[in-house]
Amino acid sequence: MDWLEIKIFTTTEGIEHIGGMLLMLGINGYAVEDKNDFEEFLSQTEPHWDYVDESLDRLKTVETTVTFYLPDNADGREQLAFVKSELGRIASNDKENQLGRLEMEISGLKQCDWENGWKQYFKPFTVGKDIIVIPSWEKVPDDNTRKVLTIDPGMSFGTGQHHTTRLCIEALEECVSDGCSVLDLGSGSGILSIASLILGAKSATAVDIDPLAVDVSVENAALNGFRSDKYIAYQGNILADDDLKQKIRGKYDVVVANIVADVLIAFAPVFKEYMHNKTRLICSGIIAHRLDDVKNSLIQNGYKIVSQKEQSEWFAVEAAL
């Protein structure tokens, strides 16, 4: 199968809006290139430019982009039409032009290009105090002393490199204890629920609206040695699917949701159905200007804010009943 690569040009503020729009249209997997991240990198590197590849000079003109992929067939083209329509609606409401030019660049990819082209950018990296994330096609460094999380993100992305995923893993290191149970809502590639098992959880349940993401998360769990006795994944929307709610019913020790602010706010009345009085709720995917909206929604629904973490204007909030 061939694929369409769609790149939307936006701003740091626009990432959440575009991600939320894609999520609502059933497109859970997307990659973000944030101009702020490049500028931070350059500010740290520029004093030593004599030692840096001159090709990095292009980063000075890079734009923030959100990239996703659709099959190049009738279904994919129909979904692309919905994206165009929604993007137009977002642009018409952006009276102050805070979200950038909101234009799309579309290109075609052969199957082999999709499978291999992006892998050159995904290398082993450390997260939090204890974990190193290793792509499935890379070797564990000889000097590694951390717990290894092996992952192949596939079309669902979710490599752990974005600030929000890193914040969640750091929070999980604090909240997960030996033998606890974890519910991961909006699980993507499964990186957070798998990290929980690596940190000592006895079981993890993952839920995502994208069936491909569910398949990838199960495969990634198996890569790390976790089978259906410890890891189970479901496809669906807990806000609209009563059968799904029955399947995952119960009280979990940790509930984690790395989504976008609007979806977190919609989920706020529902999280408590899966929590007991000692459960820790970790919410992330929150850009700075939406932090108060999410926190207020949680408070209004009876949660207490325990703590919050921040990286480059992205936040994770820990709450409890």
Side-chain angles (χ1 to χ4, degrees), residues 3 5 28-34 37-38 40-41 44-45 48 51-56 59 67-69 109-173 176 178 182 184 187-204 206 208 212-231 233 256 258 311-312:
W3 299 90
E5 179 184 73
N28 186 64
Y30 56 88
V32 172
E33 289 187 343
D34 190 340
D37 291 343
F38 292 128
E40 180 180 350
F41 170 77
Q44 295 170 353
T45 306
H48 309 287
Y51 305 99
V52 179
D53 190 324
E54 291 181 1
S55 65
L56 291 179
L59 297 183
T67 303
F68 62 100
Y69 297 83
L109 287 176
K110 300 295 185 183
Q111 180 73 19
C112 59
D113 296 331
W114 158 248
E115 290 177 344
N116 298 307
W118 58 275
K119 291 183 178 180
Q120 62 182 307
Y121 303 108
F122 183 19
K123 300 297 181 182
F125 61 95
T126 58
V127 186
K129 298 177 181 178
D130 296 323
I131 287 179
I132 182 169
V133 179
I134 308 284
S136 60
W137 55 90
E138 295 279 348
K139 293 182 178 180
V140 179
D142 292 337
D143 59 351
N144 177 61
T145 59
R146 288 173 169 249
K147 297 174 181 177
V148 175
L149 196 168
T150 303
I151 194 165
D152 186 342
M155 281 194 66
S156 66
F157 297 97
T159 63
Q161 293 171 302
H162 194 267
H163 299 296
T164 58
T165 313
R166 289 174 175 268
L167 289 167
C168 284
I169 291 177
E170 291 175 6
L172 287 169
E173 286 183 332
V176 170
D178 289 345
V182 175
D184 180 5
S187 54
S189 62
I191 188 169
L192 298 181
S193 38
I194 295 167
S196 300
L197 294 173
I198 289 172
L199 292 169
K202 70 177 180 181
S203 65
D208 201 284
L212 181 59
V214 171
D215 292 341
V216 168
S217 69
V218 171
E219 293 169 3
N220 281 325
L223 279 176
N224 290 273
F226 302 119
R227 305 292 177 178
S228 58
D229 60 328
K230 282 185 169 288
Y231 191 91
V256 58
N258 182 23
Q311 286 185 15
S312 297

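Residue numbers run from 1 in the order of the sequence given.
Minimum heavy-atom separation, Ile194 to Ser189: CD1-O, 4.3 Å. Here the shortest heavy-atom pairing between Val176 and Ser196 reads CG1-O, 3.7 Å. Smallest separation of non-hydrogen atoms from Glu5 and Thr67: CG-CG2, 3.7 Å. Scanning both residues, Arg227 and Ala222, for their nearest heavy atoms gives NH1-CB, 3.3 Å. Across all non-hydrogen atoms, the minimal contact from Ser217 to Ala233 is OG-CB, 3.7 Å. Minimum interatomic distance between Asn258 and Thr165 (heavy atoms only, all atoms of both residues): ND2-OG1, 3.4 Å.
The closest donor-acceptor contact from the side chain of Glu173 to the backbone of Lys129 lies under 3.5 Å. The closest donor-acceptor contact from the side chain of Arg146 to the backbone of Val127 lies under 3.5 Å. Side chain of Asp208 to backbone of Gly188: a donor-acceptor contact under 3.5 angstrom is found.
Two residues are said to be in side-chain contact when any heavy atoms from C-beta on lie closer than 4.5 Å; Ile169 and Arg166 fail this criterion. Residues Asn220 and Ser136 have side chains not in contact (no heavy-atom distance under 4.5 Å, counting atoms from C-beta outward). Within the 4.5 Å cutoff, the side chain of Pro141 has heavy atoms near those of the Ile132 side chain.
Summarising the geometry, atom CD1 belonging to Ile134 is positioned 12.5 Å from atom NZ belonging to Lys139; distances are rounded to the nearest 0.5 Å. To the nearest 0.5 Å, atoms CG (Leu149) and CG (Leu223) are separated by 10.0 Å. Rounding to the nearest 0.5 angstrom, the gap separating the CG atom in Asp130 from the OG1 atom in Thr145 is 9.0 Å. Note that OG of Ser187 and OH of Tyr231 are 5.0 Å apart. Values are rounded to the nearest 0.5 Å.
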Start with the C-alpha distance between Asn224 and Ile198, add both sets of side-chain angles, then the distance that settles side-chain contact (heavy atoms from CB on, under 4.5 Å), and finish with yes or no. CA-CA 8 Å; Asn224 290 273; Ile198 289 172; 3.9 Å; yes
